[in-house]
Amino acid sequence: MTEPHVPLPPRPAATVMLIRDAPGGLNIFLMRRHSQMEFAPGVIVFPGGGVDDRDRNADLVELGAWAGPPPQWWAQRFGIEAGLAEALVCAAARETFEESGVLFAGPADQAVSAANSIVGDASVYREARHALADRTLSFADFLRTEKLVLRSDLLRPWANWVTPEAEPTRRYDTYFFVGALPDGQRADGENTESDRAGWESPRNAVDDFEAGRNVLLPPTWTQLDSLAGRTVADVLAVERQIVTVQPLLEKRGDNWVFEFFDSDRYHAAREKGGSMQWPLGMPK
């Protein structure tokens with residue numbers, strides 16, 4: 001007798017859609033996961049990752065290392081409790097810095113409205129970035145040592161997706177943020193999880209998926225589709241109503257198929273670019 005499938009509990013995670021102005025709209029920073037990664041190899045992703053104990057215990061507000069909308073504001077937008085909201089914003093800023101070198105922070109002794117209130121060249125914190133990535137340093141300790149504050153006002157809430165219950169290896173409750181590249185900073189994609197990174201228009205990334213030149217999971221495809229044709233100002237001005245999306249993952253023949261609110265369009269693009277099996281392999 002087959003044992004019933006017991007879904008794994010989803011782990012809270014944060015991912016950041018990093019955007020900048022470009023001719024005709026905006027560009028977004030994208031990374032491709034290494035082909036040897038255990039989970040979702042070869043997939044195009046945004047910077048991000050799971051919330052860990054360093055984020056949960058950061059206490060940035062209590063330490064005075066937080067500027068911008070408080071955790072309660074984020075909690076209301078995402079429909080969660082304030083403690084988790086604080087941890088998610090911390091994880092969003094930390095992961096973005098670790099994976100792209102972009103730092104949503106500013107000097108602790110500067111007013112948020114001051115012209116120099118945002119870090120201009122984050123490369124000066126290269127050693128701390130490596131220490132954050134190998135988990136020998138917490139984001140809270142980094143900010144305190146460098147006399148910085150997390151700038152939550154540089155981020156916006158955008159979406160919330162939960163990994164389907166049928167996924168047998170790992171599940172995430174992922175909260176999507178969007179943020180503009182701060183003046184003077186650059187995104188480099190120097191991390192251990194990706195083999196390619198760079199700026200691209202959302203429409204080009206979606207078109208490449210339809211042409212079979214990349215692999216996009218439904219959450220990434222949906223967010224790129226939602227950003228196509230917008231400017232940075234458009235995106236930052238949007239008041240998003242966050243509705244949790246948890247796709248179904250159903251077995252059809254030898255393949256697994258995602259079902260969600262826009263899955264017909266997604267699968268039409270997927271099939272046009274060549275059949276994509278799950279678990280995922282590299283694009284053809």
Side-chain angles (χ1 to χ4, degrees), residues 13-33 40 42-48 77-78 92 95-96 99-100 102 104 154-163 172 174-183 185-189 194 196-247 257-276 280 283-284:
T15 190
V16 177
M17 298 184 293
L18 189 60
I19 58 176
R20 69 180 186 186
D21 281 314
L26 61 80
N27 280 353
I28 188 164
F29 186 74
L30 299 173
M31 307 184 305
R32 186 178 69 181
R33 288 172 62 83
V43 172
I44 300 297
V45 296
F46 311 116
R77 269 62 181 182
F78 280 130
E95 288 280 351
T96 303
E99 296 190 352
S100 75
V102 172
F104 294 111
L154 301 180
L155 295 166
R156 300 287 190 278
W158 196 259
N160 174 214
W161 283 62
V162 181
T163 307
Y172 294 99
T174 303
Y175 293 83
F176 288 78
F177 297 77
V178 65
L181 178 71
D183 289 342
Q185 294 195 35
R186 62 180 294 268
D188 56 32
S194 63
R196 189 176 71 190
W199 294 92
E200 191 167 3
S201 77
R203 177 51 56 200
N204 284 349
V206 170
D207 289 345
D208 282 348
F209 175 64
E210 188 170 333
R213 292 189 292 264
N214 68 22
V215 176
L216 300 174
L217 289 178
T220 310
W221 176 86
T222 302
Q223 307 326 313
L224 289 170
D225 188 60
S226 72
L227 294 176
R230 297 177 185 261
T231 65
V232 170
D234 291 338
V235 171
L236 297 183
V238 169
E239 291 281 346
R240 291 279 285 188
Q241 181 177 2
I242 310 300
V243 177
T244 300
V245 179
Q246 181 174 298
V257 178
F258 291 99
E259 293 295 338
F260 60 101
F261 65 89
D262 207 9
S263 55
D264 288 346
R265 287 182 61 227
Y266 172 80
H267 289 305
R270 175 186 62 82
E271 291 165 5
K272 188 172 182 179
S275 178
M276 187 171 69
L280 289 172
K284 294 180 178 180

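Heavy atoms only: backbone and side chains are in, while hydrogens, waters and symmetry mates are out.
Looking only at side-chain heavy atoms (C-beta outward), I44 and R196 come within less than 4.5 Å of each other. Annotation: side chain of L155 is in contact with side chain of V16 (closest heavy-atom distance under 4.5 Å).
Residues F46 and L30 come closest through the heavy atom pair CE2-CD2, 3.4 Å. Residues A180 and F104 come closest through the heavy atom pair O-CE2, 3.6 Å. Pairing each heavy atom of V235 with each of W158, the nearest pair is CG1-CZ3, 3.8 Å. Closest approach of F176 and P219 over heavy atoms only: CZ-CB, 3.7 Å. Counting all heavy atoms, side chain and backbone alike, Y266 lies closest to P218 at OH-CD, 3.5 Å. For A205 against L216, the heavy-atom pair with the smallest separation is O-CD1, 3.7 Å.
Formation of a donor-acceptor pair under 3.5 Å by the S194 side chain with backbone atoms of R33 is not found in this model. Counting only distance, with no hydrogens or angles, the side chain of Y175 and the backbone of A92 share no donor-acceptor pair below 3.5 Å. With N160 contributing its side chain and T174 its backbone, the two residues share a donor-acceptor pair below 3.5 Å. In terms of modelled atom types and a separation under 3.5 Å, the side chain of E99 and the main chain of G48 share a donor-acceptor contact.
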Working for side-chain contact (heavy atoms from CB on, under 4.5 Å), residues W199 and L181: CA-CA 11 Å; W199 294 92; L181 178 71; 3.9 Å; yes
I would like to know whether T244 and V162 meet side-chain contact (heavy atoms from CB on, under 4.5 Å); could you show each step before the answer? CA-CA 7 Å; T244 300; V162 181; 3.7 Å; yes
Show the numbers, then the answer: is there a side-chain contact (heavy atoms from CB on, under 4.5 Å) between F258 and H267? CA-CA 8 Å; F258 291 99; H267 289 305; 4.2 Å; yes
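Note that CD1 of I242 is 10.0 Å distant from CZ of R77, once rounded to the nearest 0.5 Å. To the nearest 0.5 Å, atoms CD1 (I28) and OG1 (T220) are separated by 9.0 Å. The CG atom of N27 lies 11.5 Å from the CG atom of L227; values are rounded to the nearest 0.5 Å. To the nearest 0.5 Å, atom CD of residue E200 and atom CG of residue N214 are 7.0 Å apart.
For D188, the salt bridge (Lys or Arg N to Asp or Glu O under 4.0 Å) partners two or more places apart in sequence, or in a different chain, are R129. Partners of V206 according to the side chain to side chain contact (heavy atoms under 4.5 Å, CB included) rule, which considers only residues two or more places apart in sequence or in another chain, are R203, W221, L224. With sequence neighbours left out, D234 forms a salt bridge (Lys or Arg N to Asp or Glu O under 4.0 Å) with no residue at all. Not counting sequence neighbours, R240 has no partner by the salt bridge (Lys or Arg N to Asp or Glu O under 4.0 Å) test. Among residues two or more places apart in sequence or in another chain, the salt bridge (Lys or Arg N to Asp or Glu O under 4.0 Å) test is passed with D208 by R213.
When only modelled atom types and interatomic distance are considered, T222 and W161 share no side-chain donor-acceptor pair under 3.5 Å.
Listed by first and then second residue, the salt bridge (charged side-chain N to carboxylate O under 4.0 Å, His left out) pairs involving residues 259-269 are D225-R265, R252-E259, D262-R265 (not counting sequence neighbours).
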